[in-house]
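In what follows, chains carry the letters A, B, and so on, assigned in the order in which the sequence lines appear, proteins first and then strands, with residues in each chain numbered from 1.
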There are 2 protein chains.
Amino acid sequence: MGDERVTIVDVANKAGVAISSVSSALNGRPGVSDVTRERIIRIAAELGFVPSLRGKSLSGRRAFTLGLVLHRDPDVLELDPFFGGFIGGIEDAIDPAGYALVLQISAESDRVLQRYDKLAADRRVDGVFITDLEVDDPRIQLVQRLGLPAVAINPGIDFPIPAVREDPEAGIRATLRHLVELGHRRIAYVSGRADMTHSVQREQAWRSGLLELSLAPGPVVPGDFTYLGGASAASTLLALAEPPTAVMCANDLSAIGLIAQAQHLGVDVPGQLSVAGFDDIRLGTYVRPSVTTVHTSPRLLGRESGRMLVELIEEGAVADVRIPDAELIVRDSTGPVGAGR
Amino acid sequence: MGDERVTIVDVANKAGVAISSVSSALNGRPGVSDVTRERIIRIAAELGFVPSLRGKSLSGRRAFTLGLVLHRDPDVLELDPFFGGFIGGIEDAIDPAGYALVLQISAESDRVLQRYDKLAADRRVDGVFITDLEVDDPRIQLVQRLGLPAVAINPGIDFPIPAVREDPEAGIRATLRHLVELGHRRIAYVSGRADMTHSVQREQAWRSGLLELSLAPGPVVPGDFTYLGGASAASTLLALAEPPTAVMCANDLSAIGLIAQAQHLGVDVPGQLSVAGFDDIRLGTYVRPSVTTVHTSPRLLGRESGRMLVELIEEGAVADVRIPDAELIVRDSTGPVGAGR
DNA sequence: TTGAAAGCGGTACCAG
DNA sequence: CTGGTACCGCTTTCAA
C-alpha cells in the first residue's frame, strides 16, 4: 500500500542479473542471450515493472512529451470545430509511440511565444505543433532559434519547417463549379481573419477559381471566422445595389451566421441566396437549411502531424505530407439561381 | 549553438560554490548567507540557468504534470462548450505553480480507465482531474486504488474524493419561477444522459423546484445533451394531446435543437412555446430567439480544480470547494404563456 | 554557512 | 554474453 514502486533494480535482483542486462533485455537491444532475455521479461512482468518515465527522461534526454499551444481565447474555443478531432488524431499517432500531449491555451500572442519558450527552456517537451499559422508567424523563428523540433499545420508553400497540408483549392473550385452549374454568376466571398495563412489561402483559391471560370470575383466582405462576422456580412451584402446570388464563406460558422441573418432579413436560402461554407462542422448538418460545405479532416491532419513530429524527433528529419484534398459536400443551402420564394 | 545547456554545475563552478548551495539559494531554502545567495542568483541569471524539469522530477519525485482524460468522441468535442474555458481555467491556476496539463481524449470508457492507469504507472502525472462524472463512476475506485491524487468536478454530494461544485439548483429554481411568473403551468423537461451525475442533478432540481411551486412536473423526454436529441424532443412534445407551454432542457445545445425543430413545425418560440436551456454557451446568444439559460462558469471551475489539485499534491489534503451558484439569464426564448403568434 | 556525497531510475559504455 | 559503473541534473542529508 506504500510507495513500493518496482524499479529496474528489483527486477535485476530477482533475476540475478545486472541492471544493464535488464535494460537491454527490455528494450530489445542486443547483448543478452535469448534465454536470459526471456527470463528477464517474464520476471519483469511478474513484478509488474513499469520503467519510470522520469528516469528515462533524465538519462535518455527525452521527455516523451509533445506540446501544443493554442492561440485562442479559451472562452471561444467552444465553437471551434477543429481541435477535438485534431487532438484526437495527434493522440492516435503519438500514444502508441509512448508520447503524451501537453496542451496550453493563451489568448494573447506574446504569451503564446513565452509559453513555447518556457516549454523549451524546461525541456518539458521534445517538440511542438504549430497550428493557426499567421502570416510571418513569429513562432517559426522562435522554434528555429530554440532548435525545437516542430511540425506546422497548413502553412503556405515553401515553408522552412516540416509541414502537413490539406489543400483547400480543389474543394473551393468544386464549390464554385457547383454554384456556376446552378446558374450563379455573382459569387461573393466572406473572408476569414486576414492575418491567418489558411484564410489567405482560401480567399485566393476562391479568386483564382472564379477567374478560371471566366467570372469576375464578386464582392468580398471581411469576416473573422465567427458567427457574428457572418451575420454582419449578410447585412452588408444584401444591402448592395446589386446583391450576389451566392456567397462563399471562409468557414461554416460564418456561413451559418450569414444564413441566419439573411433569413431574419426575409431572404430565403437557398431560394434567393445560395450559401456555402468550409470545414464541415457538425452544426452545419443540423441547421436549416443544412450547409453546403467543403469537408476537412482535422483528425487525419492530427494523426499525420503527430506521426511526423515523432519521426522528426527520433530520426532527425521528416518529409512533408499532403493529406487528401478537402472535398465538396453539397447540402441544402445552395440551389438554382432565381428559384425565388 | 550546440546543446550547451546550462546546468546547476555550471552555476556552482562560476560562483565558486557547491551545487547544493546553488540549489538552496535558488529555491529559497535556508542555509546560505544572504550575500552568497544574491551572488548565486545573479550568476544564475547571467548564465541563463533554467533548472531542468527532468532532474527535478527524478529527484523530487514529482512530474509537475497533471492529467485530464476526456471521455468523449473526439469528433463530437467540437461543440462542447465546457472544455475551452475549463482548460483555460486549469492553466490559470497550475501554470504559475510550475505544472502543465496533459490532455487525452478517448471515446470508449474502458480505454479511459486504461489511460488513467498508464498515466499513473508511468508516473507521468502527479494527479488527475475527473470530469463528466457518471453514476458509480469506476474512475473513483481506480484513482483510490492507484493512490493517485484526484479532484472531481461536479460530483454528487458526499463524495469520497476532493471536489469542486457549482450548484445548478438555484439557477433551475429561478428559471422555473421565471416561467411561472410568465403564466406557465405545464413545464416539460428534456433530460440529459441518464448515466451522468450532472444530468441527474439537473433533472432532480427541476422536479423538486416544480413541487415547491406546487406544480406537477410536466412530461419528461429523455435527451442526450445533443442538438438532435433536442430536435427530436420537440417533435415528441408537440405531438402530445396536451403539449407543454414551456420546456426546460438539460443544456443549451438541446434547447437550440428543440427551438429549431419547433420552428420548423410552425410553432412560434416563445409565442407558443417557451424554451430554456442550461450552460450559457455562446451559440445561444446568436440564434434567434436567443436562449434563456442558466449561466455556468467553466473557467472558474477549472481554476478552482487546478488550484485544489496542486494543493492536494503538495499539501496532501484539500477542502472541497463550492463556487458561486449558476445563475439564470433571461433572453428571448421565454415569454408569456399564450402570447400566440 | 558551506560543501561533499548519496540517491532518484534509468541508459550506455567498457572491461571481463 | 555479462556485469560494473559513470552519468543524466537535481534535491537533500550530513559533516566539516
- Just wondering, more than 12 heavy atoms not from A:Gln141 lying within 6.0 Å of its CD? no

- Considering residues, nucleotides and ligands other than A:Asp136, do more than 12 of their heavy atoms fall under 6.0 Å from its CG?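 Check fails, neighbour count at 12 or below.
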
- Message: Heavy-atom nearest nucleotide on DNA chain C for B:Leu58 versus B:Thr36: which residue maps closer to 5'?
- Response: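 Whichever sits nearer the 5' end wins; that is B:Thr36.
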
- For B:Glu134, the side chain to side chain donor-acceptor pair (under 3.5 Å) test, sequence neighbours excluded, returns B:His71

Using whole Å, what does the distance between atom [atom2] of nucleotide [N] and atom [atom1] of [X] come to?
{"X": "A:Leu53", "N": "C:dG9", "atom1": "CG", "atom2": "P", "result": "13 Å"}
{"X": "B:Arg54", "N": "C:dC8", "atom1": "CZ", "atom2": "C1'", "result": "16 Å"}
{"X": "B:Lys56", "N": "C:dG9", "atom1": "NZ", "atom2": "C1'", "result": "19 Å"}

- Task: Go through the steps for A:Phe83 and A:Thr131 under the test side chain to side chain contact (heavy atoms under 4.5 Å, CB included), then give the verdict.
- Result: CA-CA 10 Å; A:Phe83 288 101; A:Thr131 60; 4.1 Å; yes

- Exercise: identify the closest heavy-atom pair between A:Arg139 and A:Asp132: NH2-O, 3.2 Å

- Task: Could you check whether A:Gly31 gets within reach of a base, just the sugar-phosphate, or nothing at all, counting any heavy atom under 4.0 Å?
- Result: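 Base, at least one base heavy atom under 4.0 Å.
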
- Query: Reckon A:Val50 touches a base, only the sugar-phosphate, or nothing at all at heavy-atom distances under 4.0 Å?
  - Reply: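 If one applies the 4.0 Å heavy-atom cut-off, A:Val50 turns out to touch the sugar-phosphate alone, with no base involved.
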
- Message: Tell me which residues in residues 13-26 of chain A lie within less than 4.0 Å of DNA chain C, going by non-hydrogen atoms.
- Response: A:Ile19, A:Ser20, A:Ser23

- Message: Check the orientation of B:Phe86 and B:Phe129. Use parallel for under 30°, tilted for 30 to 60°, and perpendicular for over 60°.
- Response: perpendicular

- Task: Determine yes or no for a side-chain-to-main-chain donor-acceptor pair under 3.5 angstrom, with A:Arg54 supplying the side chain and B:Arg61 the backbone.
- Result: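 The answer is yes, because a donor-acceptor pair under 3.5 Å joins these two groups.
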
- B:Asp126 side-chain N/O to B:Arg62 backbone N/O, donor-acceptor pair under 3.5 Å: no

- Outermost DNA chain D nucleotides near chain A [under 4.0 Å, heavy atoms]: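 The contacted stretch runs from D:dC1 to D:dG9.
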
